[in-house]
Amino acid sequence: GVFDPEKPELSGWLFADGLLTARELTQMSRAPWLVMANACWSAARPDTGSHDAATTQPARGREGELAPVLADEFLRVGVGHFIGASWRVPDGNAREFAVRFYERLLGEGEAARENVGQALLEARREQWTSSRSRPQATPEQRNAWAAYQHYGDPGDGLRTRVLSSNDVARG
């Protein structure tokens, strides 16, 4: 993630072929079903007053205000689910959370797929348990489980079977 407090409109996610900003989302022809904003600056607030000038880090207490803004933009273009952090999450925790969430959502091996809400709950629970077993964990690492916000229907999940034409006709 890239965040420019002087030009928040130039903030977004950096990919190999360029930067994806919130403004560009309105140009999407088809919205994804799920977006997980798990990048470094996804929790930063797009406001020059919310940053510590010495470190360019979001100021404490103000950093969670971009997640709702990004969620708003994604939901406006039709995304079914947006998951974002309320504050900056250490890389290891962010990776662990995403892996656990997707394992639960997609079903690992013979495990049944879970709905979005249950997958989130289990990812949070596993991260909380894991952080408690590491006495050297920092407060940010111990509390990373609580950073994630979900916008969407928690009971929604991936379809477990392909619909037949009869199913579609019945609605």
Side-chain angles (χ1 to χ4, degrees), residues 1-108 113-124 127 140-141 143-159:
V2 177
F3 183 74
D4 184 344
E6 300 297 320
K7 297 177 186 171
E9 70 278 3
L10 298 178
S11 301
W13 292 293
L14 185 59
F15 293 94
D17 60 347
L19 183 68
L20 175 64
T21 65
R23 182 174 292 153
E24 291 172 308
L25 298 176
T26 60
Q27 300 171 14
M28 295 173 68
S29 60
R30 185 173 177 187
W33 179 74
L34 168 76
V35 171
M36 181 176 295
N38 209 8
C40 299
W41 288 104
S42 65
R45 182 171 187 240
D47 175 343
T48 58
S50 69
H51 285 73
D52 178 334
T55 65
T56 69
Q57 298 295 317
R60 288 211 181 264
R62 304 290 306 268
E63 56 199 16
E65 295 180 33
L66 184 59
V69 172
L70 286 174
D72 226 19
E73 292 301 318
F74 275 108
L75 293 170
R76 190 181 333 272
V77 297
V79 167
H81 299 272
F82 178 88
I83 301 168
S86 294
W87 57 83
R88 194 166 180 185
V89 175
D91 289 347
N93 291 85
R95 181 185 181 285
E96 178 183 87
F97 182 85
V99 167
R100 297 295 173 252
F101 171 76
Y102 286 117
E103 284 175 352
R104 298 294 189 158
L105 183 68
L106 302 173
E108 183 181 33
R113 293 177 179 171
E114 295 176 346
N115 64 38
V116 175
Q118 191 63 37
L120 283 166
L121 174 65
E122 294 303 326
R124 284 182 177 124
Q127 193 162 84
E140 288 82 10
Q141 291 168 325
N143 296 315
W145 68 272
Y148 292 95
Q149 299 175 16
H150 171 238
Y151 299 85
D153 178 357
D156 192 16
L158 295 171
R159 294 182 192 268

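Keep in mind that this is a model prediction, so the values were computed, not measured.
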Legend entry - Residues forming a salt bridge (Lys or Arg N to Asp or Glu O under 4.0 Å) with Arg100, sequence neighbours excluded: Glu103, Glu126
Inset, instruction - Would you indicate whether the side-chain heavy atoms of Ile83 and Leu120 approach each other to under 4.5 Å? - result: yes
Inset, instruction - Not counting sequence neighbours, which residues clear side chain to side chain donor-acceptor pair (under 3.5 Å) with Glu122? List them please. - result: Gln118, Arg125
Inset, instruction - Take Leu105 and Leu34 through the side chain to side chain contact (heavy atoms under 4.5 Å, CB included) test and state the conclusion after the steps. - result: CA-CA 11 Å; Leu105 183 68; Leu34 168 76; 4.0 Å; yes
Inset, instruction - Please identify each residue that fulfils ring pair (Phe, Tyr, Trp, His ring centres under 6.0 Å) with Phe101, with sequence neighbours left out. - result: none
Legend entry - Listed partners of Ala98 passing side-chain contact (heavy atoms from CB on, under 4.5 Å), at least two apart: Met36, Asn38, Tyr102
Inset, instruction - Provide the closest heavy-atom pair for Val89 versus Tyr148 in the form atom of the first, atom of the second, distance. - result: CG1-OH, 3.7 Å
Legend entry - Non-hydrogen atoms of Leu20 and Phe15 that approach each other most closely: CB-CE1, 3.9 Å
Inset, instruction - Go through the structure and list residues passing side chain to side chain donor-acceptor pair (under 3.5 Å) with Glu96, not counting sequence neighbours. - result: Gln127, Ser130
Inset, instruction - Indicate the atoms forming the closest heavy-atom contact of Arg113 with Gly107, along with that distance. - result: CG-N, 4.0 Å
Inset, instruction - Kindly indicate whether the side chain of Val79, heavy atoms from C-beta on, has any atom under 4.5 Å from the side chain of Pro32. - result: yes
Legend entry - Smallest separation among heavy atoms of Ala31 and Gly78, with atom names: CB-C, 3.5 Å
Legend entry - Beyond-backbone contact of Val116 with His150, side-chain heavy atoms, under 4.5 angstrom: yes
Legend entry - Contacts of type side chain to side chain donor-acceptor pair (under 3.5 Å), residue Asp156, not counting sequence neighbours: Trp33, His81
